[in-house]
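Report on one structure; see the data block that follows.
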Amino acid sequence: MTRAASFATLDVVARTLRVELTAARARRGGAAPRVLDVGGGSGTWAVPLAADGCEVTVVDSSANALAVLRSRARESGVAAGVRAVQGDVDALADAVGDTEADLVLGHGLLEYVDDPAEACRAIARAAAPGGAVSLLVAGRFAAVLSRVVAGRLTEARQVLVDPCGRWGEGDPLRRRMDVEEIRTLVEAGGQLAVERVQGHRVLADLVPDGVLEHGGPSPDALAELEDVAAGTPPLRDMASKLHVLARRPD
């Protein structure tokens with residue numbers, strides 16, 4: 001078993017979304033859930049979701065990324081379940097019209113947009129009443145710790161005190177957040193209610209290579225540990241990415 005395969009079941013975000021989509025399918029009487037992936041690029045999430053029977057629309061500003069998405073969808077046999085639309089979150093309504101999604105993804109989006117508050121409002125409007133929104137955003141405290149370990153103490157301090165969680169002018173991200181910052185941002189407009197904030201791969205990447213392959217703990221045991229750690233402060237707060245599941249009021 002390869003390391004990648006060993007950890008395939010450890011993605012607490014994927015498991016959370018699977019539960020949400022099962023509920024959406026039930027609400028729709030067995031029909032395919034509708035998923036909107038904003039900034040979904042080359043289909044990291046879209047292709048597996050389409051393979052699980054979802055109707056997925058990906059909106060991304062990069063024509064090259066969308067070309068890769070189409071190619072991956074064809075190779076995976078799910079081209080009919082994936083629609084690629086060139087656009088960005090600033091004009092999301094123009095890109096997708098009045099389509100209301102059961103689940104809207106904004107993974108790795110808020111770190112780059114000009115106006116994260118407006119991006120959240122646009123994403124909320126794209127969700128159906130009662131629909132869910134899934135956001136993944138870079139965590140502030142993980143960046144502090146990684147720079148301390150690397151001996152880059154000045155950058156670590158800057159990430160900690162900077163309002164946007166940046167380590168300097170050369171930082172490729174526009175912002176990093178902590179739990180309270182992302183919760184406040186998502187709920188600010190009153191269009192979304194946060195149901196869960198959890199860490200993404202809090203402990204899995206700390207397990208040494210080969211542990212699962214040589215009689216160590218099973219992937220299921222590690223997945224159970226991840227589930228607990230993902231929602232347990234302060235472990236959750238130190239995850240490299242924070243996952244938010246929010247809902248548009250019905």
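In what follows, every heavy atom counts, from backbone to side chain, and hydrogens, waters and symmetry copies are set aside.
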Closest non-hydrogen atom pair between [X] and [Y], with its separation:
X      : Y      : answer
Thr44  : Arg72  : N-NH1, 3.7 Å
Val159 : Arg147 : CG2-CD, 4.1 Å
Arg140 : Leu160 : NH1-O, 3.4 Å
Pro233 : Arg236 : CG-NH2, 3.5 Å
Arg166 : Arg176 : CA-NH1, 3.8 Å
Gly199 : Ala239 : CA-CB, 3.6 Å

Donor-acceptor pairs under 3.5 angstrom involving side-chain atoms of residues 113-128: please list them, not counting sequence neighbours.
residue: Asp114; atom: OD1; partner: Arg174; partner atom: NH1; Å: 2.1
residue: Asp114; atom: OD1; partner: Arg174; partner atom: NH2; Å: 3.0
residue: Asp115; atom: OD1; partner: Ala117; partner atom: N; Å: 3.2
residue: Asp115; atom: OD1; partner: Glu118; partner atom: N; Å: 3.1
residue: Glu118; atom: OE1; partner: Arg121; partner atom: NE; Å: 3.0
residue: Glu118; atom: OE1; partner: Arg121; partner atom: NH2; Å: 3.1
residue: Glu118; atom: OE2; partner: Arg125; partner atom: NH2; Å: 3.0

Taking [Y]'s backbone N and O only, do any of them form a donor-acceptor pair with [X]'s side chain (distance below 3.5 Å, no angle check)?
X      : Y      : result
Glu226 : Val202 : yes
Ser71  : Ala67  : no
Asp162 : Gln158 : no
Asp60  : Gly41  : yes
Glu55  : Gly81  : no
Arg70  : Ala79  : no

I need the [X] [atom1] to [Y] [atom2] distance, nearest 0.5 Å.
X      : Y      : atom1 : atom2 : result
Leu135 : Leu185 : CG    : CG    : 8.5 Å
Leu225 : Thr232 : CG    : OG1   : 9.0 Å
Ser62  : Asp88  : OG    : CG    : 12.0 Å
Asp52  : Arg18  : CG    : CZ    : 6.0 Å
Asp37  : Cys54  : CG    : SG    : 11.0 Å
Gln198 : Leu245 : CD    : CG    : 7.5 Å

[X], [Y]: one ILVMFWY side-chain cluster at the under-4.5 Å cut-off?
X      : Y      : answer
Leu136 : Val104 : no
Val89  : Val137 : yes
Leu222 : Leu235 : yes
Val194 : Val179 : yes
Leu103 : Leu109 : no

- Message: Does anything in residues 185-197 form a side-chain hydrogen bond (donor to acceptor under 3.5 Å, both in side chains)? List the pairs, not counting sequence neighbours.
- Response: Thr16-Arg196, Glu195-Arg247
- Please identify each residue that fulfils salt bridge (charged side-chain N to carboxylate O under 4.0 Å, His left out) with Arg28, with sequence neighbours left out. Asp102
- Task: Could I get the full list of side-chain contact (heavy atoms from CB on, under 4.5 Å) partners for Ser76, not counting sequence neighbours?
- Result: Val47, Val78
- Pairs flagged by ring-ring contact (aromatic ring centres under 6.0 Å, His included) wherever residues 78-121 is involved - sequence neighbours left out: Trp45-His107
- Task: Any pair with a residue in residues 229-250 that passes ring-ring contact (aromatic ring centres under 6.0 Å, His included), sequence neighbours left out, goes on the list, sorted by first then second residue, please.
- Result: none
- In sequence, state the C-alpha distance, the side-chain angles, and the governing distance for His200 and Asp11, and then conclude on side-chain contact (heavy atoms from CB on, under 4.5 Å). CA-CA 7 Å; His200 180 234; Asp11 193 327; 3.3 Å; yes
- Message: Apply side-chain contact (heavy atoms from CB on, under 4.5 Å) to residues Leu21 and Val35 and explain how you reach the verdict.
- Response: CA-CA 9 Å; Leu21 291 168; Val35 178; 3.9 Å; yes
- Message: Consider side chain to side chain contact (heavy atoms under 4.5 Å, CB included). Of Leu69, Leu49, Leu105, which one does Val56 pass it with?
- Response: Leu49
- Query: Does the distance from a Lys or Arg side-chain N to an Asp or Glu carboxylate O, for Arg175 and Glu181, drop under 4.0 Å?
  - Reply: no
- Task: Give the C-alpha distance, both sets of side-chain angles, the deciding distance and a yes or no for side-chain contact (heavy atoms from CB on, under 4.5 Å) between Val59 and Leu92.
- Result: CA-CA 8 Å; Val59 178; Leu92 189 57; 4.1 Å; yes
